[in-house]
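Read through the structure below, which is laid out as structure tokens, and then see the notes.
Letters go in sequence order (proteins before strands), and every chain restarts at 1. The structure presented is a predicted model; accordingly, all values stated were derived computationally and were not measured.
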Amino acid sequence: MLPKANRLRHWRDFQTIYQQGIRWRGDLLMLRAWRRTAADPVPTRFGISVSRKFSKHAVTRNRIKRQIRAALHHLLPDIVPGWDCIIVVKPTDQTCNYDRFLQELKQLLAKAEVLNGHSRGNVL
RNA sequence: GAAAGUAGGUGAUGGUGGUUGCGGGUUGAGUAUCUCAAUCUGAGGAAAGUCCGGGCACCCGAAAGACCAGACUUGCUGGGUAACGCCCAGUGCGAGCGAUCGUGAGGAUAGUGCCACAGAAACAUACCGCCAAUGAGUCAUCCGUCAACGGUCAUUUGUCAUUUGUGUUUGCAGAUGACAAGGGAUAAAAGACGAAGGACAAAUUUGGUAAGGGUGCAAAGGUGCGGUAAGAGCGCACCAGCAGCAUCGAGAGGUGCUGGCUCGGUAAACCCCGGUCGGGUGCAAGGUCGAAGGAACGACGGUUGGUCUUUUACCCGUUCCGCCAAGAGCGAACCGCAAGAGGCGUUUGGUAACAAGCGUCCCAGAUAGAUAACCGCCCUCCGGCUGCAUGGCAGUUCGGGGAACAGAACCCGGCUUACGACUACUUUCUCUA
RNA sequence: GCGGGCGUAGCCAAGUGGUUAAGGCAGUGGAUUGUGGUUCCACCAUUCGGGGGUUCGAAUCCCCUCGUUCGCC
């Protein structure tokens, strides 16, 4: 689980990100990122959205969320502060493992230049 | 060994260790609406579906009682429970070879409705049929009267023949026989008439039947024997149903005897009866942060689904004192919020459900919603390979996996549904000894 | 959390206890035509989402369940 400072917690934040954020698409996930205008060193916050269409069972949805959270936690030291991100899980395949999520998250966050220490060219 | 059945607990994601990390409680510290450290703790038997019953909270003014409206898949009996549509024990009925299982199990004589098609008729009738009477008519029988032809019998008359007596013969008298005629009698006599009872019987009408036919899920208790004009519980035996009595049982009911002989199904159709409940909304209840009303006096009236009764409160009017710059939104910020019809152990009572006593324990509290990720060793399963030499067992620097159903959201008690592995007992069948 | 509706052929659907479950579109086959379209004819539900019950009889009534959809706070 992420620390509380790195979590998006309110419905308003989700609305603003959905309306104003930049979209990046991957195979399994979709990223919406929005850079907050104030340049204060607030840590980057993440929200995860798994639709009921993905699976009707709460168990599978929660498992996906946990694995994404674990991957994010692994990437957390390299994240640039000052962003708000939502990770939307596409309703594709329910049998996903940790490594694929980690790889996909790395690519998406690097594209959006949220990851530190990598430019776009380095990754691609 | 196979196939079934019942009961029981169980399921933290195999065990253990490490690194990174999350929610909560407590304690301590600090730069104090946050952070850090230590320590403890952190999903289920169904947390699910939301099908019932409650607790709790607020609103419709409140509380109590009676009756009514109303609601209820409430509906065998007895018990358990805070309560229940739940559980336990039993009764009846049904299913199964059996162990066992299922059971919405009041009333069809309170009333209404429905029972398609078929069938005469679907709830009180009679189509075909059977029987009795009626009966055009047919048949034979018996009785009485009459009686043709023919027969028989007796008799009368005549003729002829034979014979006897008398006698010369004829003749006369008698007997016998044959033939003819007459009337008479007779009957197993054609037939006619009359009367009687009998058999058959068309049509019609009247009555008795519900055995048989056919229809259908269902047709007036079933089967058999007797009985009857034909039939029928009309009688009898057994079975089924109803009622009464006796007896056993706390009761539902069981058993036995007797009796009259009998009443279609459907209430998961309306309904009737008994029983229970008594309004609504649901923790997004509701409260705090965060606004304010209080006191005195007063006649009539009004306020709960309806009526009535009792107590009380409020509404209303007047006076006095007091509050508010404006505004009533955002926020799961805080409380509600976790010690409970609690768990575990044990004793006693009870067939059991369960209850009581004693001891002991504190056991999740999130709110975009906490249990995860990676790694080491051990155990175990599957597959591959090797060996024994063959349904298996053993080994492995091999590969893959550690299950299924499934995630607390105010809390309990049930029900239902989904699902893994296991243990014990029981039944039936087969094989071996 | 509370409450309602709907599942019938590939699609839209009628049917509210009584034969063999209307109809339209689509599809298949045939006829008409030189060919195609139009038109006409025929076929197409092993039975009404699944299971159980009541009934002589169930798509229909009752119970459980699965799916789907809507509303309120």
Side-chain angles (χ1 to χ4, degrees):
Chain A
M1 193 64 198
L2 297 170
K4 261 186 181 171
N6 294 105
R7 286 186 233 161
L8 276 177
R9 304 197 62 178
H10 297 313
W11 180 80
R12 264 191 179 169
D13 299 331
F14 275 79
Q15 285 300 306
T16 54
I17 293 165
Y18 273 127
Q19 283 166 12
Q20 303 177 19
I22 315 162
R23 277 186 253 182
W24 299 94
R25 232 175 275 248
D27 290 334
L28 303 170
L29 309 173
M30 209 158 68
L31 177 72
R32 295 205 181 222
W34 179 64
R35 186 163 188 86
R36 273 178 288 177
T37 51
D40 47 352
V42 179
T44 294
R45 300 184 299 176
F46 289 97
I48 303 166
S49 167
V50 184
S51 158
R52 216 179 143 82
K53 284 180 186 171
F54 180 82
S55 168
K56 281 193 320 171
H57 301 297
V59 175
T60 56
R61 293 201 303 270
N62 286 341
R63 190 170 59 235
I64 295 295
K65 279 176 160 182
R66 284 190 196 119
Q67 293 194 334
I68 290 172
R69 271 192 220 116
L72 278 175
H73 190 267
H74 190 256
L75 296 172
L76 207 57
D78 296 333
I79 298 270
V80 177
W83 288 79
D84 279 347
C85 301
I86 300 176
I87 295 152
V88 181
V89 179
K90 287 184 173 180
T92 50
D93 194 9
Q94 300 182 10
T95 62
C96 295
N97 54 356
Y98 172 76
D99 290 331
R100 285 197 64 187
F101 280 126
L102 187 65
Q103 207 175 354
E104 181 117 3
L105 271 176
K106 243 186 206 170
Q107 281 190 14
L108 282 172
L109 291 174
K111 264 191 205 169
E113 299 180 353
V114 178
L115 263 184
N116 201 4
H118 300 276
S119 72
R120 198 186 281 179
N122 283 349
V123 170
L124 295 179

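- With both pairing distances under 3.5 Å, B:rA408 is matched to nothing as a Watson-Crick or G-U wobble pair.
- Taking atom C1' in both B:rU206 and B:rC193, one finds a spacing of 36 Å when rounded to whole Å.
- Per the geometry, CD1 belonging to A:Ile64 stands 14 Å off P belonging to B:rA372, to the nearest Å.
- As rounded to whole Å, 16 Å separates atom P of B:rG21 from atom CZ of A:Arg69.
- Taking atom P in both B:rA409 and B:rA313, one finds a spacing of 45 Å when rounded to whole Å.
- Both A:Asn62 and A:Lys65 lie close to RNA chain B; mapped to their nearest nucleotides by heavy-atom distance, the more 5′-ward contact belongs to A:Lys65.
- One C1' atom belongs to B:rG402, the other to B:rC378, and the distance between them is 14 Å to the nearest Å.
- For the P atoms, the distance from B:rC200 to B:rA132 is 8 Å, rounded to whole Å.
- Base orientation for B:rA43: syn, the chi torsion being within 90° of 0.
- Across all strands shown, B:rC335 is found opposite B:rG286 as a Watson-Crick or G-U wobble partner, with both distances under 3.5 Å.
- Annotated as syn: B:rC363, whose O4'-C1'-N torsion sits within 90° of 0.
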Given A:Ile87 and A:Leu72, is the side-chain contact (heavy atoms from CB on, under 4.5 Å) satisfied, shown in steps? CA-CA 10 Å; A:Ile87 295 152; A:Leu72 278 175; 3.8 Å; yes

Below 3.5 Å between N/O atoms, which protein atoms pair up with nucleotides 373-376 of chain B? Just atom names and distances, please.
none

Trace of the side-chain contact (heavy atoms from CB on, under 4.5 Å) decision for A:Val88 with A:Leu29: CA-CA 6 Å; A:Val88 181; A:Leu29 309 173; over 6 Å; no

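- Regarding A:Leu72, its CG atom lies at a distance of 14 Å from the P atom of B:rA370, rounded to whole Å.
- The shortest side-chain heavy-atom distance between A:Val50 and A:Ile68 does not fall under the 4.5 Å cut-off.
- Side-chain contact between A:Phe46 and A:Leu105: absent, with no pair of heavy atoms (C-beta onward) separated by less than 4.5 Å.
- B:rG343 and B:rA364 are spaced 15 Å apart, taking the C1' atom of each and rounding to whole Å.
- Pair check for B:rU162 finds B:rA175; Watson-Crick or G-U wobble, both atom distances under 3.5 Å.
- Using P as the reference atom, B:rG241 and B:rA108 are 16 Å apart when rounded to the nearest Å.
- Glycosidic conformation of B:rG45: syn, with the torsion inside 90° of 0.
- Under the 90° criterion around 0 for the glycosidic angle, B:rG233 counts as syn.
- The partner of B:rU318 is B:rA296, by the rule that a Watson-Crick or G-U pair needs both atom distances under 3.5 Å.
- Across every strand in view, B:rU303 sits in a pair with B:rA313 that passes the Watson-Crick or G-U test at under 3.5 angstrom.
- Here, C:rG3 and B:rA284 have their C1' atoms 16 Å apart, quoted to the whole Å.
- Base-pair partner of C:rC2: C:rG71 (Watson-Crick or G-U wobble, both distances under 3.5 Å).
- The partner of B:rA46, taking Watson-Crick or G-U wobble pairs whose two distances both stay under 3.5 Å, does not exist in any strand shown.
- Base pairing of B:rG383 is made with B:rC398, judged by Watson-Crick or G-U wobble geometry with both donor-acceptor distances under 3.5 Å.
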